[in-house]
Protein chains: 2
Amino acid sequence: MSREAAQGAQRPGVDHSRSDLEDLIGYNLKRAYIIVQSDFRDALGADGMSARVFTALSLCVKYPNITQSELARMMGIERSGLVAIVDELEAREHLRRARVPGDRRVQALVPTDAGRAAYDAAIQAVRAHEDRLFSDMTSSERATLLALLKKIRGLEKQQ
Amino acid sequence: MSREAAQGAQRPGVDHSRSDLEDLIGYNLKRAYIIVQSDFRDALGADGMSARVFTALSLCVKYPNITQSELARMMGIERSGLVAIVDELEAREHLRRARVPGDRRVQALVPTDAGRAAYDAAIQAVRAHEDRLFSDMTSSERATLLALLKKIRGLEKQQ
DNA sequence: TATTGTTATACTCTATAACTATA
DNA sequence: TATAGTTATAGAGTATAACAATA
């Protein structure tokens, strides 16, 4: 007899097969997030970019000459936390910190050709990872999920 | 003129208003997760339980006499990581480690009356937090989101 | 005074490896 | 040999506070 069955037997008539947790969006969001992030890591390999480095590179490619402060704000992290991310991308020679004429406080982030190529390869790998992981979900389900997640993102309180 | 507009002007005809990231489930999942977890923390207060401690207590209440190994497996974390969680719950006097007759290696986790009361209060606070945070979403949208997140949870590769 | 990038530091969460006591 | 709980340790990822350079 399994432990679960043994526990259930302690309180007859009560369904122990589902926890309160299973009804919580936060709990399900966390568990789903862990699965997807784990698969992302596997897909990009041992020396691949982490999700946050990939995100930073994506935004630098999309918005060349973005400043670190702007990038941090877009990513929802502190400026201080971005330093190590930019350091890594610079060490990989995917971008460089460029001085901006007119404001010597600012560092513009400029992707290199190698950085753009690395991003193109990475985004293909990431799309392949999602296509494979979510192959049991229909396009409609994926679109619905995306829309609902964006709705949650819209609920964020502005600070 | 905004920076985004300035950047868009650099490559006419290309829509820079949306990043590749916005189409990725993983990215949206992460951003949504951060918002919900942050609101969870605010809702439970400065000396409230963290999400993982709340989860552990929930499972202990639901499955009294669960072992630490079983609880770790249910939570998807290592046994070693559970020690600090159980330590905290024991320090709060929400549960106790009980010796099990017949196998002296095992510690059964038994919620106290105070633990059950604390859980009842916490689950109410958590439900209130989700009801408030997701008040712009219909019951149908929330149910759909839950179902899709559970579908992702079902994709986890078994180790 | 305010902002940009940076450093120092600490905290949370997690994992791996090794240990002990039991089985 | 294998398992349950534990400890030591390290690595992400994050935040806060303070600083120098610059505006």
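Residue numbering restarts at 1 for every chain, and letters A, B, ... go by the order of the sequence lines.
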same_hphob_cluster(B:Leu95, B:Val83) at 4.5 Å side-chain heavy-atom cutoff
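Each belongs to a different hydrophobic cluster.
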Joint cluster assignment, A:Leu146 & A:Val36, ILVMFWY side-chain distance < 4.5 Å
yes
For DNA chain D, whose closest nucleotide is more 5', that of B:Val83 or that of A:Asp103?
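Between the two, 5'-proximity favours B:Val83.
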Between A:Gly81 and B:Arg97, whichever has its closest DNA chain D nucleotide further toward 5' is B:Arg97
Want to settle it: does A:Gln107 or A:Lys30 sit nearer the 5' end of DNA chain C, counting the closest nucleotide to each?
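Of the two residues, A:Gln107 wins.
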Rounded to whole Å, how long is the line connecting atom [atom1] of [X] with atom [atom2] of [N]?
X	N	atom1	atom2	value
B:Leu71	D:dA4	CG	P	13 Å
B:Ile66	D:dG5	CD1	P	10 Å
A:Glu70	C:dT4	CD	C1'	11 Å
A:Ile85	C:dG5	CD1	P	14 Å
B:Ile77	D:dG11	CD1	C1'	17 Å
A:Arg41	C:dT14	CZ	C1'	11 Å
B:Glu88	C:dT14	CD	P	13 Å
A:Arg52	C:dC13	CZ	P	17 Å

Run through A:Glu88, A:Glu90, A:His94 and flag the one making a side chain to side chain donor-acceptor pair (under 3.5 Å) with A:Arg92.
A:Glu88
Show your reasoning for whether side-chain hydrogen bond (donor to acceptor under 3.5 Å, both in side chains) applies to B:Tyr27 and B:Asp20.
CA-CA 10 Å; B:Tyr27 178 74; B:Asp20 290 342; over 6 Å; no
Test for a donor-acceptor pair under 3.5 Å between the base of [N] and the side chain of [X], counting only N and O atoms.
X	N	result
A:Arg79	C:dG5	yes
A:Ser80	D:dT16	yes
B:Arg104	C:dT22	no

Name the nucleic acid region contacted by A:Leu82, choosing base, sugar-phosphate or nothing; use a 4.0 angstrom heavy-atom cut-off, strictly under.
nothing
Applying a 4.0 Å non-hydrogen cut-off, can you work out what A:Glu78 is touching in the nucleic acid: base, sugar-phosphate, or nothing?
base
Between B:Arg142 and A:Asp23, does any NZ, NE, NH1 or NH2 come within less than 4.0 Å of an OD or OE carboxylate oxygen?
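Salt bridge absent between A:Asp23 and B:Arg142.
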Counting only side-chain N and O atoms of A:Arg105, is one of them less than 4.0 Å from OP1 or OP2 of D:dC19?
no
Does the side chain of B:Gln68 get closer than 4.0 angstrom to OP1 or OP2 of D:dT6 through an N or O atom?
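Answer is yes, contact under 4.0 Å.
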